[in-house]
Amino acid sequence: MSGKFGKGCHLHLIDGSAFIFRAYHALPPLTRKSDGLPIGAVAGFCNMLQRYVEGNAGGDVTHVAVIFDKGSHTFRNDMYDQYKANRDAMPEDLRPQIPLTRTATQAFNIACKEKEGFEADDIIATLAVQARAAGGRCTIISSDKDLMQLVGDGVEMLDAMKNKSIDRDGVFEKFGVFPDRVVDVQALAGDSVDNVPGAPGIGIKTAALLINEFGDLDALLARADEIKQPKRRQTLIDHADQIRLSRDLVRLDENTPLDFTLDDLEVREPDPDRLLEFLAEMEFRTLSKRIAEALHVEAPVIEDKAPAPADMPEIESVPFNADAYEHVRDAAGLQVWIDRIRERGYVAVDTETTGLDEMTAELVGISLCIEAGQACYIPLIHKDSGTDDLFGSDALAEGQMPLEQCLQMLTPVLEDPSVLKIGQNMKYDAKIFAQLGITVAPIDDTMLLSYAMHAGLHNHGMDALSERYLGHTPIPIKPLLGTGKSAITFDRVPLDKAVPYAAEDADITLRLWQTLKPQLHRVGVTKVYETLERPLVPVLAAMERSGIKVDRDTLSRMSNAFAQKMAGLEDEIYELAGRKFNVGSPAQVGEVLFEDMGLEGSKKGTNGKYSTGADILEDLATLHDFPRRILDWRQLSKLKSTYTDALQDHINPETGRVHTCYSIAGASTGRLASTDPNLQNIPIRSEEGRRIREAFVAEQGKTLVALDYSQIELRILAHIADIPELKQAFADGIDIHALTASEMFNVSLNDMTPEIRRQAKAINFGVIYGISGFGLARNLRIPRAEAQGFIDRYFERFPGIRTYMDDTKAFAKEHGFVQTLFGRKIHTPEIASKGPRAGFAARAAINAPIQGTAADVIRRAMIRMPAAIADIPATMLLQVHDELLFEVEAGSEDALIDAARDVMENAADPVVKLDVKLTVDAGKGANWAEAH
DNA sequence: GAGTTCACG
DNA sequence: GACGTACGTGAACTCA
């Protein structure tokens, strides 16, 4: 059969996207063995194509094509920006498989068609209409109801899964009208999946009823006042425009401009070599065999390629070339990049700013990269460096587009749910964009990919990752900015220097993503990355931007009081020492103590200095007044310098609030770390220190609410080590330290003394840290043998703890990592070393699953929190490892406590079923001291 | 920049 | 038998 498409021809049009999604959801998440590339949807897609080919062998099909969607932005989005806005983002492991389904179609030698700006449905409509006009037949292989408007006059649909064909009567069954009125019914009924509004309260049944009564939609809308039901009548009158818009949205474009004709779609025999080569590349053994048989050729041997070692990724072969980066200077130049980004569906993004504090830093320029080596920098507010003006000119440099124009063009891409934005530490860039009202989503973050896979092995900064995984040293920033007082901000870097530096960052980020992302599955931390790391980025960005109000006057008053007390103490100290010296110098304190006064103290190894730490001074305090005074002075000095003084410098002048920065990938265990300033170590243990929390206040008319997990690490220990007595105690709400003491020392709970309880508490904590006799002895200030006796008794009483410790150490030795209950991996490379390092590593390995699981739990709570409190006028401000601090409008405190507590207590569900329930304590007040 | 000390969980 | 010794952080300070 060949020649022009016409009478007697039969065209099959396969809805490619429908095939892909069916394949994706029908199969488990298979991955290619050699490199972990997700491949399940491709496998299912190929299976469905093969079944299709087999099913039509000897049939009357003369022409065939698989039609795909391309990009997500279509003419319908221009008509209605909410079109398909409710769609979930494409699953992470599906995205890389999309291009492979095109390759697969071509490997089957089937025509493969798509068109930018149009949906597959429009192409199908156009081709079906063309086939009909030429006097041929057309079968659309899909069950998508949006295609039903095309049925009739030689066009029919076939649901390949159910092998059921749908004709005019079938459409009537579904819509209550024949195909020519389907659009009218859909326009009225709307579609929640595609977010087509329709007429509120009217479904398919009612819509069909109305259309059948009035003939068509135009007649119905024209004569809406004749509708008998008053509510329905009003709805149609009120929403007439919306209904017409809906009709335009659901009506398929039968005139899609196409660069091919029906004749190009003629059925072709598959080329066995090409097809089998593709299948071998995908490592589909069973399917290869089956297809080889069907084609009567020999199946290729597919080698069982061993996965490459995880720490030896392939180094990107495109060399780095800083001269090749593009300087985007105007809208035309940027548009080229935007088009390419939309075509790809992903882009690496990096921002250059005037500083490191995202609250005050200004956007200076944006770099983009879509392929290794292909990157650009869009400078926006670089200052002209041409003049000799010593103070720098404020005139803008040549070759820049207006910031507003750039953002206007780029924002739709940054916010487009179908374009993945890749960054290194995206929280930073997201905050910069958030300042400008832009919400960047969806995202991937190479720093977090690295963290999820390699926590404990190395840090996750871009320079380190580039060296390690790309074998490339990034252009250093120092020579560009200078150091010290003469340092300049990035907007003063000349463009010829700024372009290579900035663009390279995006290039590196993209290459890291290409290197690291496929390994995620292989390392087995996809869930960790997708549920514990990446979703935290917008949550933390919002918390950091919120900040917490800090009252400068309170801090200032405290500073003065501390200064006075310190001065008094200094006089006493000089008196006791008999001379003046620098109280802040540990070395000089050591000299006074151990040389002038001749007290007993140990020299410290490396530099021969005396150690004057708090516990040594504490011991000496019984012998002399001097150490006590030093301790008191140090406490005040600490409080003043680190808190009451430094904290004031962190109050943002715009917001009057302190905005900390959380590192997501700082702590190896999964904990967050807080910096600039650290708000996770605000004093509480001493009464004087605790008062600093009075400076952390709620805004007028609001309240601070603190919720903290009670004994979360011990509860997790009880679960992981499976200790029945501890689990029972938590279930009964018994004081856990008292219970431990009672079990160990055979004292009934009623006869418990604070001293015994204190010792048990120390042991409980010691266990979490990987207890040793020496450590416990020092902590409790008891002889080492006695401490060891306690530990022995503890293990005897709770043998599960010792088993847990031994098993965890053995696991770490064997695998080089340990895991939390949620699958987070913490690497412990030093466990293999000899000497004391191995001891450190072993204790860290024991602690990591406990501390890490607790960290996972609160991360999960934080990720769920925004949605859970959406209806409450409250904001999540701070996280302190097992505590969340909120600011809430007065009157809504209890609603917030109920909602937040619910999220926190059930945060492990449904992934982990803890044997021990998690309990959350709550407090509220005008300041943080009261709330705690 | 290393080392010490101390604030928190 | 000796090694060293409780887990995880960040910041300020001194001193070379």
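As the structure is a computational prediction, the values presented were derived from the model and not from experiment. Chain naming here is simple, since letters A, B, ... match the order of the sequence lines and numbering starts at 1 in each.
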With sugar-phosphate meaning primed atoms plus P, OP1 and OP2, does [X] contact a base, only sugar-phosphate, or nothing at under 4.0 Å between heavy atoms?
{"X": "A:Arg690", "answer": "nothing"}
{"X": "A:Ile684", "answer": "sugar-phosphate"}
{"X": "A:Asp676", "answer": "sugar-phosphate"}
{"X": "A:Ile771", "answer": "base"}
{"X": "A:Arg843", "answer": "sugar-phosphate"}
{"X": "A:Leu672", "answer": "nothing"}
{"X": "A:Ser668", "answer": "sugar-phosphate"}
{"X": "A:Ser772", "answer": "base"}
{"X": "A:Ala848", "answer": "nothing"}

Legend entry - Residue whose closest nucleotide on DNA chain C lies nearer the 5' end, A:Gly839 versus A:Pro836: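 Comparing both residues, the 5'-ward one is A:Pro836.
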Has [X] got a side-chain N or O lying under 4.0 Å from the OP1 or OP2 atom of [N]?
{"X": "A:Arg634", "N": "B:dC6", "value": "yes"}
{"X": "A:Thr612", "N": "B:dT5", "value": "yes"}
{"X": "A:Ser637", "N": "B:dT5", "value": "no"}

Atom [atom1] of [X] to atom [atom2] of [N]: distance rounded to whole Å?
{"X": "A:Leu631", "N": "B:dC6", "atom1": "CG", "atom2": "P", "value": "7 Å"}
{"X": "A:Leu593", "N": "B:dT5", "atom1": "CG", "atom2": "P", "value": "11 Å"}
{"X": "A:Asp632", "N": "B:dT5", "atom1": "CG", "atom2": "P", "value": "17 Å"}
{"X": "A:Lys761", "N": "B:dG9", "atom1": "NZ", "atom2": "C1'", "value": "12 Å"}
{"X": "A:Tyr662", "N": "C:dG8", "atom1": "OH", "atom2": "P", "value": "21 Å"}
{"X": "A:Ile630", "N": "C:dC13", "atom1": "CD1", "atom2": "P", "value": "17 Å"}

Legend entry - Check: A:Arg837 side chain, C:dG4 base, donor-acceptor under 3.5 Å: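 Per atom types, no contact qualifies.
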Inset, instruction - Classify the angle between the aromatic ring planes of A:Tyr574 and A:Phe581 as parallel (below 30°), tilted (30 to 60°) or perpendicular (above 60°). - result: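 Perpendicular, since the angle between the ring planes exceeds 60°.
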Please list each protein N or O that sits under 3.5 Å from an N or O in nucleotides 14-16 of chain C, with the distance.
| residue | atom | partner | partner atom | Å |
| --- | --- | --- | --- | --- |
| C:dT14 | O3' | A:Ser585 | OG | 3.3 |
| C:dC15 | OP1 | A:Ser585 | OG | 2.4 |
| C:dC15 | OP1 | A:Gln588 | NE2 | 3.0 |

Legend entry - Quiz item: cation-pi between A:Lys825 and A:Phe817, 6.0 Å / 45°: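 Yes, A:Lys825 and A:Phe817 form such a contact.
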Inset, instruction - Both distances under 3.5 Å, Watson-Crick or G-U wobble: on that basis, could you give the dot-bracket string for DNA chain C, with [ ] for crossing pairs and | for other-strand partners? - result: ......|||||||||.
